[in-house]
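Structure record follows, encoded as structure tokens.
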Amino acid sequence: MSGAAATLPHPVHVGAGLLARIAALVPAVATAHRVVLVADATADAHHGATLRAALDPARTVTLVVPGGEAHKTRETWGALTDAMLAAGVGRDAVVVALGGGVTGDLAGFVAATYLRGVPVVQCPTTLLAMVDAAIGGKTGVDTPHGKNLVGAFHPPLAVVADVATLATLPPRERAQGLAEALKHGVVADAAYWARTVAALPRPGDDALRAIVEGSVAIKGGVVTRDPHEHGERAILNFGHTVAHALERVTRYAIPHGEAVAIGMVVEADVAHRLGLGDASVRDALADALPRAGLPVHVPRALDAAAIVAATAGDKKTRAGTVRYALPATLGRMARTDDGAWVHPVPDAVVHEALLATRAA
């Protein structure tokens with residue numbers, strides 16, 4: 001898939017050595033009056049020089065931001081937009097996001113709101129961003145009340161996933177992306193789940209590229225059918241309601257992929273408790289995730305009641321009830337009697353599932 005994901009309205013280029021070819025892959029980068037490169041410090045140190053060499057230095061403004069979820073804030077958004085205004089960046093500009101999911105979300109939100117909207121090109125450099133965050137056009141920042149509660153849908157001109165950048169990822173960072181890849185198998189494709197599990201614990205270069213391409217195809221299909229999350233797209237939030245609560249109560253001490261891994265086990269247990277899902281989904285996750293280097297237990301030091309309370313900040317909450325995307329079997333999500341993709345779940349059931357998955 002060095003070309004486009006067929007189901008998405010924008011191309012997703014997947015391959016090695018693509019950052020050096022960005023101007024050829026995305027002509028708008030070459031023709032824009034200004035290019036604003038927003039990069040996190042780590043990605044800039046590893047890959048910024050390659051990307052800048054492919055851009056016109058006279059037209060390029062580089063803005064480096066600290067990495068980590070703690071910096072995905074309205075304050076960082078304000079600092080970036082102020083810097084662009086001070087540099088005289090106009091509407092004939094393109095924002096290029098270089099880094100992980102935090103950078104992509106942040107730079108995308110800057111692009112969505114700057115002068116009421118300028119284009120953005122996503123250049124993810126982590127497996128997590130390649131398989132998930134960079135695909136689908138969701139952008140945003142976090143607030144003290146929860147993750148991604150201020151944001152916009154702003155699809156990129158293109159996604160350039162240079163898999164050569166994954167060579168610089170530490171093993172723990174690579175595992176974060178495997179959590180989202182396994183999630184895609186659970187929610188939509190049992191065969192993809194099986195192929196991904198077979199590549200564990202350390203997928204080689206060819207397997208990583210296949211994982212990226214498979215996840216792009218799965219997420220691309222869902223996003224194309226439901227671009228603004230009015231229905232089916234909610235299945236991509238499997239594991240995330242509990243995950244976001246875990247991140248919030250620990251002030252992001254648990255990385256996103258690890259929180260999603262724990263969240264998937266908890267939410268699969270919720271599905272089984274409600275009679276909506278087979279216990280084999282929970283058991284398959286509990287077996288596969290540790291092989292990917294991911295946790296499956298809620299840390300014992302965390303208060304289950306506090307985690308439940310934190311789920312109230314989820315975007316799927318309606319009329320005071322938190323709604324969850326829940327798996328029926330591997331590759332298929334449970335639907336309500338009226339066809340909805342999310343289910344209202346009593347807090348007490350979530351509390352029980354959290355206690356059941358607590359670390360010994």
Side-chain angles (χ1 to χ4, degrees), residues 10 18-126 129 133-134 137-160 162 165 252:
H10 54 269
L18 300 187
L19 290 183
R21 297 171 47 210
I22 188 170
L25 295 172
V26 191
V29 171
T31 58
H33 180 64
R34 302 289 290 279
V35 177
V36 180
L37 173 59
V38 179
D40 72 56
T42 300
D44 186 63
H46 286 300
H47 314 295
T50 299
L51 195 49
R52 278 187 288 274
L55 303 171
D56 181 354
R59 296 184 298 112
T60 302
V61 176
T62 299
L63 303 176
V64 179
V65 296
E69 197 79 35
H71 301 285
K72 198 175 86 174
T73 64
R74 286 171 289 190
E75 290 72 24
T76 307
W77 168 85
L80 288 169
T81 53
D82 284 348
M84 291 168 64
L85 290 167
V89 174
R91 295 192 71 181
D92 50 358
V94 172
V95 172
V96 176
L98 178 70
V102 167
T103 305
D105 284 357
L106 179 62
F109 187 49
V110 168
T113 53
Y114 185 76
L115 301 181
R116 296 196 174 93
V118 297
V120 62
V121 176
Q122 295 284 353
C123 296
T125 59
T126 67
K138 280 187 179 181
T139 73
V141 294
D142 303 337
T143 80
H145 296 282
K147 285 192 63 170
N148 302 317
L149 296 183
V150 176
F153 289 97
H154 191 60
L157 286 176
V159 177
V160 179
D162 188 340
T165 64
Y252 303 104

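Computed over heavy atoms, backbone and side chain alike; hydrogens, waters and symmetry mates excluded.
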Heavy atoms of Ala32 and Val94 approach each other most closely as CB-CG2, 3.6 Å
Under 3.5 Å donor-acceptor, Arg59 side chain and Ala30 backbone | yes
Roughly how far apart are His47 NE2 and Asp44 CG, rounded to 0.5 Å?
-> 10.0 Å
Decide yes or no for Val35 and Val96: does some side-chain heavy atom of the first lie under 4.5 Å from some side-chain heavy atom of the second?
-> yes
Residue list, salt bridge (Lys or Arg N to Asp or Glu O under 4.0 Å) with Asp142, at least two apart or on another chain | Lys72
Mind checking side chain to side chain donor-acceptor pair (under 3.5 Å) for Thr76 and listing every partner two or more places apart, or none if nothing turns up?
-> Thr73
Could you walk me through whether Lys147 and Tyr252 pass the side chain to side chain contact (heavy atoms under 4.5 Å, CB included) check?
-> CA-CA 10 Å; Lys147 285 192 63 170; Tyr252 303 104; 3.3 Å; yes
Output for pair (Leu18 CG, Ile22 CD1), nearest 0.5 Å, gives 9.5 Å
Do any pairs count as a side-chain hydrogen bond (donor to acceptor under 3.5 Å, both in side chains) and have a residue in residues 82-97, sequence neighbours left out, and if so which ones?
-> none
Evaluate side chain to side chain contact (heavy atoms under 4.5 Å, CB included) for Lys138 paired with Asn148, printing each intermediate quantity in order.
-> CA-CA 9 Å; Lys138 280 187 179 181; Asn148 302 317; over 6 Å; no
Do Thr139 and Asp105 get their side chains close enough for a donor-acceptor pair, meaning under 3.5 Å?
-> no
Which residues share a side chain to side chain donor-acceptor pair (under 3.5 Å) with Arg34, sequence neighbours left out | none
Can you list the steps and then say if Val150 with Trp77 is a side chain to side chain contact (heavy atoms under 4.5 Å, CB included)?
-> CA-CA 11 Å; Val150 176; Trp77 168 85; over 6 Å; no
Salt bridge (Lys or Arg N to Asp or Glu O under 4.0 Å) involving Arg74 - partner list, sequence neighbours excluded | none
Quick check: does any side chain N or O of Gln122 sit under 3.5 Å from a backbone N or O of Ala134, one acting as donor and the other as acceptor?
-> no
Are the side chains of Val65 and Leu80 in touch, meaning some heavy atoms are under 4.5 Å apart?
-> yes
Rounded to the nearest 0.5 Å, how far apart are CG of Leu51 and OG1 of Thr165?
-> 11.0 Å
His10 side chain to Gly137 main-chain N or O, any donor-acceptor pair under 3.5 Å?
-> no
Check: Val61 and Met84 side chains under 4.5 Å, non-hydrogen atoms | no
Judged by atom type as modelled, is there a donor-acceptor pair below 3.5 Å linking the side chain of Asp162 to the main-chain atoms of Leu19?
-> yes
Would you check if His71 and Val102 make a side-chain contact, meaning some heavy-atom pair closer than 4.5 Å?
-> no
Pairwise distance CG(Asp40) to OG1(Thr103) - rounded to 0.5 angstrom = 3.5 Å
Are side-chain heavy atoms of His46 and Thr125 found at a separation under 4.5 Å?
-> no
Any side-chain heavy atom of Val38 sitting closer than 4.5 Å to one from Val95?
-> yes
Closest approach of Ala129 to Pro124 (non-hydrogen atoms, all atoms of both residues) | CB-CB, 3.5 Å
Contacts of Thr126 meeting side chain to side chain donor-acceptor pair (under 3.5 Å) (sequence neighbours excluded), chain-then-number -> none
Within a strict 4.5 Å, meaning less than it, do heavy atoms of the Tyr114 and Val89 side chains meet?
-> yes
Spacing of Leu106 atom CG and Glu69 atom CD [to the nearest 0.5 Å] = 10.0 Å
Pairwise side-chain contact, Pro119 with Leu157, heavy-atom cut-off 4.5 Å (strictly under) | yes
